[in-house]
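Quick notes on the structure that follows.
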Amino acid sequence: MLKTLLIKNYALIEEIEVEFESGLNIITGETGAGKSILIDALSLVLGDRASSDVIRRGAEKAVVETVFGISGNRRVKNFILSQNLEVGDELILRREISAKGHNRCFVNDTPVTVSVMQALGDLLVDLHGQHDHQSLLRTESHIDLLDDFGGLAGLKEEFVASYDRLTQLFSELEELQSKERQLLERRDLYEFQIQEIDVLGPQRGEEDALETELRILENSEKLFEATSSLHQMLYEGEQAVYDQIVLARNQLEDLCRIDKAFEEIKNESASAVAIISEVAKFIQSYNSKIEFNPERLEQIRDRLGKLALLKKKYGGSLDAVIEHREKIGREFALAKNFDGEIVKLKDRIESERRACSGASQRLSSKRREHVSKINSSVASELAKLGISNARFDVKVESKPMEKSNGSPQPARAYVKLGREFYEATRKGIDVVEFHISTNLGEELKPLVKVASGGEISRIMMALKTILAKSERLPLLIFDEIDVGVSGRIALAVGKSLRSLSQFHQVVAITHLPQIAGLADTHFVVEKSEREKRTRTRLRKLELEERVEEVAKLMSGTEITDAGLEGARELMGLSKK
């Protein structure tokens, strides 16, 4: 529900902050006081277009801010989470219009786009008047209202799940068929590349191993000479390092017998003897394995050259060559087996199409079952509201698809019923539109084309009353709902509003005492002049002020005792 509304520097409004209540909130005031300005300002935080012309003269910017309670509204909370915004039990919407032309939107103090704010507005508010938030005047919303009335959420979810799977399968088929054409064109190229790479059969890490082996073979003579010289120096020469270390160790052992201070260094010398011995053995073993092999040297150079050519053609590295071979190998195998893959995918499509068709047929049948009940209920409500000869009709139509290019089956045929294919959306195969006739003898016409003013307001009221329990929008706003009605009909409209307020928070602007007298909360819009400036304010009325305001609506500016008594009677209050 709408908890608070704050408006600053908007048109005639300097600053207004008002707290709304649940139930029926009525706003009254003299003509020209600025009642519609309130609705225009509220429309800004619902995503309507903005202009700097609305900024109060002398101000730098206009600000409109609302706080909505959303503790039980999962649809709104899920949308907020989908936008990566913080979510709690309250939702703060703020719109700022700068005199410099800047237009900023905020959700819970986080900047967002106008489209995000508009989407939230569509989830929160249904605004009836000369505004855009009229869900019943949007043909595309009629199917949702029918489903809500019939409690068809479960059937709809079943269909949507199947529809989404079928959509994915069609996309996979189209992608596969497109790839087939591309691969058939590239098949010869891929076959050549596969053969060229497979002739060499490159392996991961091979290049480094070959380059190491090449470096050793190219330096085999240097390695042989150096290792031979080292072995002589360390082990076989007349002054070999090994012999000298052994002598030093023996002398340290003699000294250790005299003074134990030489014990640690004697042990270190023994370790040195062992290390020199191991080094000499390794060098001797390495020297004995050195290979002088010109043929192997030439083989390595030749293979490295061929690998270099492959790298240049297929990615710059041996890993890239191998990855390219794996990729085109899969593509080539697919190209040879496309017919089989496509047959498998088409079998899956047919299976899912049967499931989707069954779900769509069940959903469509249930929709049609509820049509007559809605039709009679709306006509009955309209009669209560003074449109006695009204006829209402919910038209549910499903149209077969046209064949594509003479083919017996359209390219994307989601649903097949009997021999006919039907194009479907995520809402099913049906197109739903409300039709109405408000005068005896007139033909039924689409609701979106019927008359405006009091008649359209009452049509909206009737529909809202019938759909109240299922309609998902928590706040209904009626701007000038009483246009063209009076007397008994006005009282009927008031009772209808009161009935709606049991399921929704309702805010209504009215001139009629029959409607104002039924308010749970009553506000008055007042215009005043101060410092040669016109100002508009919104004030919540206490009980006696409400009685006076209703009396004023009944008898004009001059309030009499009889008028006050009539107001109390209308409001259901006993005389004090």
Ser377 (side chain) donor-acceptor with Ile374 (main chain) under 3.5 angstrom: no
Pairing of Asp89 and Lys77 as salt bridge, 4.0 angstrom limit: yes
Glu140 atom CD, over 12 foreign heavy atoms within 6.0 Å: yes
Whether Ser171 side chain and Thr167 backbone form a donor-acceptor pair below 3.5 Å: yes
Salt-bridge contact Glu545-Arg539 (side-chain N to carboxylate O under 4.0 Å): yes
Glu397 and Lys395 ion-paired at < 4.0 Å: no
Ser82 (side chain) donor-acceptor with Phe79 (main chain) under 3.5 angstrom: yes
Between CG on residue Leu440 and OG on residue Ser388, distance to nearest 0.5 Å: 8.5 Å
Residues Ser98 and Glu60: side-chain donor-acceptor under 3.5 angstrom: no
Val394 and Val432, any side-chain heavy atoms less than 4.5 Å apart: yes
Partner of Arg535 by side-chain contact (heavy atoms from CB on, under 4.5 Å), out of Glu15, Glu526, Glu14, Lys527: Glu14
Interatomic spacing from NZ in Lys552 to CD in Glu549 - rounded to 0.5 Å: 5.0 Å
Side-chain ion pair, Arg368 and Asp430, N-O less than 4.0 Å: yes
Whether over 12 other heavy atoms sit under 6.0 Å from Lys427 NZ: yes
Plane angle bin for Phe434 and His142 - parallel if under 30°, tilted between 30 and 60°, otherwise perpendicular: parallel
Enclosure of Glu19 CD (heavy-atom neighbours >12, cutoff 6.0 Å): no
N-O pairing of Lys540 and Glu21 below 4.0 Å: yes
Side-chain touch Asp164/Arg426, heavy atoms, less than 4.5 angstrom: yes
Pairing of Glu433 and Lys445 as salt bridge, 4.0 angstrom limit: no
Heavy-atom neighbours of Gln177 CD exceed 12 at 6.0 Å: yes
Beyond-backbone contact of Leu91 with Leu124, side-chain heavy atoms, under 4.5 angstrom: yes
Spacing of CG belonging to Leu518 relative to CG belonging to Leu570, to within rounding of 0.5 Å: 6.5 Å
